[in-house]
Amino acid sequence: MIAIGFALATLFVAERFVPLRPGTRPLLGRLLVNVAISALAFAAAMVLVRPAALSALNWASERPFGIVHLAPMPVAAQFIVAFLLMDLAFYWWHVANHQIPFLWRFHNVHHIDPDLDVSTAFRFHVGEVAL
């Protein structure tokens, strides 16, 4: 966790010294908005997503469920296949967020940040996280 925080702080500082484009808004005000939006999203993730994901993981671990059980393979290969399939599912969810107007209304909060930096990566509408 400390390593992730250090990496994010390093990226944030690097973005100040070597921006891809000049900023258009005052940094402090934009960061306060991003932190507030992100805090609500993290709260929704802890209250809604985490318990649902843990429940689904427990259910799936108790029975041979999922595509990785269709063919015998080593545990490392199962992990890699499962990770890639999960990543593919997240990709298609992201595509859906861009193409379905109802979902775009929530996802747009992430894209409407006037200046992009590492804080934008955590800027998600609480409704998108809940969905």
A quick test of your reading: do over 12 heavy atoms of other residues, nucleotides or ligands sit less than 6.0 Å from [atom1] of [X]?
{"X": "F79", "atom1": "CZ", "value": "no"}
{"X": "L20", "atom1": "CG", "value": "no"}
{"X": "L88", "atom1": "CG", "value": "yes"}
{"X": "L70", "atom1": "CG", "value": "yes"}

At their closest point, which heavy atom of [X] faces which heavy atom of [Y], and how far apart are they?
{"X": "V49", "Y": "V129", "answer": "CG2-O, 3.4 Å"}
{"X": "A130", "Y": "L48", "answer": "CB-CD1, 3.7 Å"}
{"X": "D113", "Y": "T120", "answer": "OD2-OG1, 2.6 Å"}
{"X": "L116", "Y": "R21", "answer": "CG-NH2, 3.9 Å"}
{"X": "L31", "Y": "S119", "answer": "CD2-OG, 3.6 Å"}
{"X": "P51", "Y": "A45", "answer": "CD-O, 4.4 Å"}

**Message:** Under the criterion side-chain contact (heavy atoms from CB on, under 4.5 Å), I'd like the reasoning laid out for F42 against I37: C-alpha separation, chi angles, the key distance, then a yes or no.
**Reply:** CA-CA 9 Å; F42 277 111; I37 291 171; over 6 Å; no
**Prompt:** If you measure from the Lys or Arg side-chain nitrogens to the Asp or Glu carboxylate oxygens, is any gap between D117 and R16 under 4.0 Å?
**Reply:**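 Counted as a salt bridge, because a side-chain N and a carboxylate O are separated by less than 4.0 Å.
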Can you hop from [X] to [Y] via hydrophobic side chains spaced under 4.5 Å?
{"X": "W93", "Y": "F102", "answer": "yes"}
{"X": "V109", "Y": "V33", "answer": "yes"}
{"X": "I4", "Y": "L11", "answer": "yes"}

Has [X] got a side-chain atom pairing as donor or acceptor with [Y]'s backbone, closer than 3.5 angstrom?
{"X": "R30", "Y": "P114", "answer": "no"}
{"X": "E15", "Y": "V118", "answer": "yes"}
{"X": "D87", "Y": "F83", "answer": "no"}
{"X": "S38", "Y": "F122", "answer": "yes"}

Nearest 0.5 Å, what's the [atom1]-[atom2] distance between [X] and [Y]?
{"X": "N97", "Y": "E128", "atom1": "CG", "atom2": "CD", "answer": "4.5 Å"}
{"X": "F106", "Y": "H125", "atom1": "CZ", "atom2": "NE2", "answer": "5.5 Å"}
{"X": "L85", "Y": "F90", "atom1": "CG", "atom2": "CZ", "answer": "12.5 Å"}
{"X": "L40", "Y": "R123", "atom1": "CG", "atom2": "CZ", "answer": "12.0 Å"}

**Message:** Classify the ring geometry of H107 against F124: parallel below 30°, tilted from 30° to 60°, perpendicular beyond 60°.
**Reply:** tilted
**H98 and H94 aromatic ring geometry - parallel, tilted or perpendicular at 30°/60° bounds** =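 Correct class here is tilted.
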**H111/W104 aromatic ring centres below 6.0 Å** =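 Yes, the ring of H111 comes within the 6.0 Å limit of the ring of W104, centre to centre.
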**Prompt:** Quick one: does W59's side chain get under 4.5 Å of L54's, heavy atoms only?
**Reply:**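 No. Closest side-chain heavy atoms not under 4.5 Å.
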